[in-house]
Amino acid sequence: MGHTYTRLLVHIVFSTKARRPQLTKAIQSRAFAYMAGIAKSTGAAPVAVGGMADHVHMLMLIPAKESVSALIRAIKANSSRWLRNELHQQTFAWQTGYSAFSVSESACESVAEYIQNQEAHHRKRTFQDELRLLLRKHGIEYDERFLWD
C-alpha cells in the first residue's frame with residue numbers, strides 16, 4: 001500500500017493540578033478554543049473540547065504522524081503557558097498524567113455530546129467518579145493510589 005490511511009478518534013481527559021478549579025466559567029470558552037487551536041497546529045482535528053473548572057475532555061481525530069502523548073504534551077505545555085501569561089492565572093498547572101480512550105465512529109456523536117454537556121453531567125457525578133467509570137468501561141486497570149496527583 002503506497003499511502004497511509006487512518007481515522008484515529010480519541011477521547012482525552014486530564015485535570016488541573018490537584019483538581020484545583022482554575023478553569024472558571026469566565027475563561028473556559030477562551031481556554032478550550034485555544035487548546036483546540038494547539039491541536040489543529042499539530043495536524044489533529046478537534047471534534048469537541050469542553051470540561052469543568054477542574055478538568056478537560058477533548059475528542060480528536062489524531063493524524064498518523066502524531067502520537068497521543070506528543071499531542072497532549074503540546075496542548076498542556078502551550079495552554080498552561082498561555083493561561084499563566086495571557087489570562088493571568090499565575091499558579092495554573094495541569095496534572096502530570098492523562099487518560100485516552102479510543103472511540104468508534106458510531107459513538108463519535110454521543111461522545112461529543114457528552115463533552116459539550118459536562119455541566120449537566122457533573123450535577124450527578126464528580127470528576128473522580130467520572131474518571132473511574134471511564135477507566136472501568138474501557139477495561140483499564142488502575143491503582144487508586146496513583147490515579148490522583
Side-chain angles (χ1 to χ4, degrees), residues 1-119 121-122 127-128 130-142 146-149:
M1 183 180 292
H3 296 282
T4 301
Y5 301 99
T6 65
R7 186 154 171 96
L8 306 172
L9 193 56
V10 179
H11 178 189
I12 298 164
V13 183
F14 53 90
S15 172
T16 57
K17 183 139 182 98
R19 290 162 315 286
R20 289 190 292 262
Q22 293 182 285
L23 294 170
T24 63
K25 283 187 184 277
I27 66 170
Q28 280 180 10
S29 63
R30 289 179 65 198
F32 297 156
Y34 190 80
M35 294 168 75
I38 296 166
K40 286 178 189 175
S41 74
T42 70
V47 176
V49 179
M52 297 294 290
D54 64 347
H55 70 282
V56 174
H57 291 260
M58 304 179 86
L59 179 61
M60 289 194 277
L61 285 163
I62 304 195
K65 66 178 181 69
E66 188 71 61
S67 72
V68 173
S69 62
L71 173 64
I72 295 171
R73 184 171 37 255
I75 291 169
K76 286 171 133 185
N78 289 296
S79 65
S80 62
R81 187 178 313 109
W82 181 79
L83 283 157
R84 287 191 300 269
N85 296 335
E86 298 299 319
L87 297 186
H88 311 292
Q89 301 288 318
Q90 280 76 20
T91 62
F92 188 87
W94 294 112
Q95 74 173 102
T96 304
Y98 64 90
S99 297
F101 311 100
S102 59
V103 176
S104 67
E105 193 63 37
S106 63
C108 181
E109 190 175 317
S110 65
V111 173
E113 217 172 89
Y114 174 84
I115 290 170
Q116 297 303 331
N117 292 310
Q118 282 289 291
E119 190 172 334
H121 174 72
H122 283 290
F127 169 64
Q128 292 88 334
E130 173 187 50
L131 184 59
R132 286 182 195 106
L133 181 64
L134 285 167
L135 292 167
R136 284 192 305 269
K137 180 179 176 182
H138 289 275
I140 299 174
E141 292 184 24
Y142 63 92
F146 306 113
L147 200 52
W148 319 111
D149 59 13

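In this structure Ala64 satisfies the side-chain contact (heavy atoms from CB on, under 4.5 Å) test together with Thr4, Thr6, sequence neighbours excluded. For the side-chain contact (heavy atoms from CB on, under 4.5 Å) test, residues two or more places apart in sequence or in another chain that qualify with Ser104 are Ser106, Ala107. Residues that satisfy the side-chain hydrogen bond (donor to acceptor under 3.5 Å, both in side chains) test with Ser79, not counting sequence neighbours, are Trp94. Contacts of His55 classified as ring-ring contact (aromatic ring centres under 6.0 Å, His included), with partners at least two apart in sequence or in another chain: His57, His122, Phe127. Residues meeting the side-chain contact (heavy atoms from CB on, under 4.5 Å) test with Ala100, sequence neighbours left out: Val10, Ile12, Val68, Tyr98. Under the side-chain contact (heavy atoms from CB on, under 4.5 Å) criterion, Leu147 pairs with Leu131, Arg132, Leu135, Tyr142, Glu144, not counting sequence neighbours.
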Without placing hydrogens or testing angles, list every side-chain donor-acceptor pair under 3.5 Å for residues 30-37, not counting sequence neighbours.
none

For residues 83-92, tabulate all N or O donor-acceptor pairs below 3.5 Å that involve a side-chain atom, not counting sequence neighbours.
from  : atom 1 : to    : atom 2 : distance (Å)
Arg84 : NH1    : Phe92 : O      : 3.1
Asn85 : ND2    : Arg81 : O      : 3.4
Thr91 : OG1    : Gln22 : NE2    : 3.0

Stepwise side-chain contact (heavy atoms from CB on, under 4.5 Å) check, Phe101 with Val111: CA-CA 11 Å; Phe101 311 100; Val111 173; over 6 Å; no

Test side-chain contact (heavy atoms from CB on, under 4.5 Å) applied to Gln118 and Glu130, step by step: CA-CA 11 Å; Gln118 282 289 291; Glu130 173 187 50; 3.4 Å; yes

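What you find for Val49 and Ile115 is that their closest heavy atoms are C-CG2, 3.8 Å. For Ala48 against Gln116, the heavy-atom pair with the smallest separation is CB-NE2, 3.4 Å. The two residues Leu9 and Cys108 make their nearest non-hydrogen contact at CD2-CB, 3.5 Å. Across every non-hydrogen atom of Pro63 and Ala44, the tightest pair is CD-CA, 3.6 Å. Closest non-hydrogen pair, Met60 versus Ala39, comes out as SD-CB, 3.4 Å.
For the pair Ile72/Lys76, a side-chain contact is recorded, criterion being any heavy-atom separation below 4.5 Å from C-beta on.
For residues 89-116, the pairs satisfying salt bridge (charged side-chain N to carboxylate O under 4.0 Å, His left out) are Arg7-Glu105, with sequence neighbours left out. Residue pairs that meet the side chain to side chain donor-acceptor pair (under 3.5 Å) test with at least one member in residues 36-50, sequence neighbours left out, do not exist here. Evaluation of the salt bridge (charged side-chain N to carboxylate O under 4.0 Å, His left out) test over residues 12-27, restricted to residues two or more places apart or in two chains, returns Lys25-Glu119. Sorted by first and then second residue, the pairs that involve residues 60-75 and meet side chain to side chain donor-acceptor pair (under 3.5 Å), not counting sequence neighbours, are Ser67-Ser69.
Judged purely by atom type and a 3.5 angstrom limit, Ser80 has no side-chain atom pairing as donor or acceptor with the backbone of Ala93.
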